[in-house]
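Per chain, numbering begins at 1; letters A, B, ... match sequence-line order.
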Amino acid sequence: MNRTYLPDYNLAITLLGGQSFGWDKIGDTFIGFTVDRAAKIKREGEYILWQTYPVHDDWDWLSSYLRLDIDYENIIKEISKDKYIKSAIKAYPNLRILNQNFEEAFISFLCSPTKSIVGIRQCIRLLADKFGDKLLLDDREISLFPKAERLAQADINEILACKVGFRAKNIHEAAQKLMKEPVTERIQSLKLNEARTELMKFRGVGDKVADCTLVYGLGFNEITPFDVWGKRIMQKYYGFNEKAKYEDMSLWMKEYFNGYAAWAGQFLFEYIRSR
DNA sequence: TCTCAGGGGCGAT
DNA sequence: ATCGCCCCTGAG
């Protein structure tokens, strides 16, 4: 295991909250899989012990995944102007947003509609076991997140067997569409609004799935996804009424948090939902 | 055993 | 713009 100084990073809530679905805490070690790497991370005081697989010692990958390139202090400073956010930061210090692979985040959130987080996690593991590459983490075999290419080739019934229900068709279609043209490269090159429009052209992608993909898979900081909890919170704490539209709440958050709505939302929704 | 909501979105009105 | 339905699971 490598040892790296990283005091201000809340591994538990960042890795096990609802932004990525491939992580488990086994004993005091976080073990997770993504589409191209698996990793072990363990906190030791102000340091982390870590290893990556199948490529070992890949700090370039891990630091990018953990998104250590952003100016976290500044973001915290910016969003702390809101009193609820301030409380949330106090309750969950050092919560972060991960930088996930675009296709991985996209496919993950295609599994999410009307599912609980445990449900999504279960689907992702079944898909990984059926379609993902296998590799050995020391003494333990683990499946990587399936590549879109593999899902595109799959029989729809195989995908259905992963308990995704009516989402199977959406996942299959999306994977095929990602293979057809260089859609991934193109979407990754677009600005926020254009990328959002492109994502919404996929079957199964509405406001929520699009925004989750934009924030967790494409690195946009300036918007936040609203789930049912998010909507309730906006009503309870920020004066939106029951009829408030997704777009209205989204625009307001974008303005209010001035470029960092993603981070504000992450704190806010994590904080209130877990109470 | 049953009901119900769960980090929504689609398609018919 | 509204509303029933999509498939499946775990909680109550």
Spacing of the C1' atoms in B:dG9 and C:dG10 (rounded, Å):
23 Å
A:I120 CD1 - B:dG6 C1' separation (whole Å):
9 Å
If you look at every strand shown and take non-hydrogen atoms under 4.0 Å, does A:G119 touch a base, only sugar-phosphate, or nothing?
nothing
Go through B:dG7, B:dG8, C:dT2 for me and flag the one nearest to the A:T114 side chain.
B:dG8
In whole angstroms, how far is the C1' atom of C:dA1 from the CG atom of A:D248?
14 Å
Verify the cluster assignment for A:M179 and A:V205: are they in a single hydrophobic cluster under the rule of side-chain heavy atoms below 4.5 Å apart?
yes
Just checking A:V209: base, sugar-phosphate only, or nothing, at a heavy-atom cut-off of under 4.0 Å?
sugar-phosphate
Closest approach to the side chain of A:S116, judged atom by atom: which nucleotide of B:dG11, C:dC8, B:dG6 is it?
B:dG6
Nearest-nucleotide comparison on DNA chain B, the residue closer to the 5′ end among A:G18 and A:V205
A:G18
Using a 4.0 Å heavy-atom cut-off, does A:N170 contact any base of the nucleic acid, only the sugar-phosphate backbone, or nothing at all?
nothing
Please report the distance, rounded to the nearest Å, between NZ in A:K208 and C1' in B:dG6.
11 Å
Within the structure shown, what part of the strands sits under 4.0 Å from A:Y246 by heavy-atom distance: base, sugar-phosphate, or nothing?
nothing
Check the pair A:Y53 / A:D58 against side-chain hydrogen bond (donor to acceptor under 3.5 Å, both in side chains), numbers first and verdict last.
CA-CA 8 Å; A:Y53 308 82; A:D58 192 354; over 6 Å; no
Out of C:dT9, B:dG9, B:dG7, which has the shortest distance to the side chain of A:Q122?
C:dT9
Residue A:K163, side-chain heavy atoms: nucleotide from B:dG7, C:dC8, B:dG6 that is nearest
C:dC8
Within the pair A:R167 and B:dC10, is there a side-chain N or O less than 4.0 Å away from OP1 or OP2?
no
Rounded to the nearest angstrom, tell me the gap between atom CD1 in A:I117 and atom C1' in C:dA11.
15 Å
Check the angle between the aromatic planes of A:Y238 and A:W252 and answer parallel, tilted or perpendicular using the 30° and 60° thresholds.
tilted
Ring centres within less than 5.5 Å and planes less than 30° apart: is that true of A:F166 and C:dC6 in this structure?
yes
In whole angstrom, give the distance that lies between atom NZ of A:K201 and atom P of B:dG9.
18 Å
Can a donor-acceptor pair be found between the side chains of A:D248 and A:S250 at a distance below 3.5 Å?
no
A:D24 and A:R125 ion-paired at < 4.0 Å
yes
I want to check a possible cation-pi pair here: A:R150 against A:F131, using under 6.0 Å from ring centre and within 45° of the ring axis as the test.
no
Distance in angstrom units between A:L268 CG and B:dG7 P, rounded
16 Å
Counting side-chain heavy atoms from C-beta on, which of B:dG9, B:dC10, B:dG7 comes nearest to A:R203?
B:dC10
With a 3.5 angstrom cut-off on both distances, give the Watson-Crick or G-U wobble partner of C:dC5, or none if there isn't one.
B:dG9
Assign each of A:A210 and A:R232 the nucleotide of DNA chain B bearing its closest heavy atom; nearer the 5' end lies the nucleotide of A:R232
Rounded to the nearest angstrom, tell me the gap between atom CZ in A:R121 and atom C1' in B:dG7.
14 Å
P-based separation of C:dA1 from B:dG7 [nearest Å]
27 Å
Whole Å only: how far is the OH atom of A:Y271 from the C1' atom of B:dG7?
20 Å
Residue A:P113, side-chain heavy atoms: nucleotide from B:dC10, B:dG8, B:dG7 that is nearest:
B:dG8
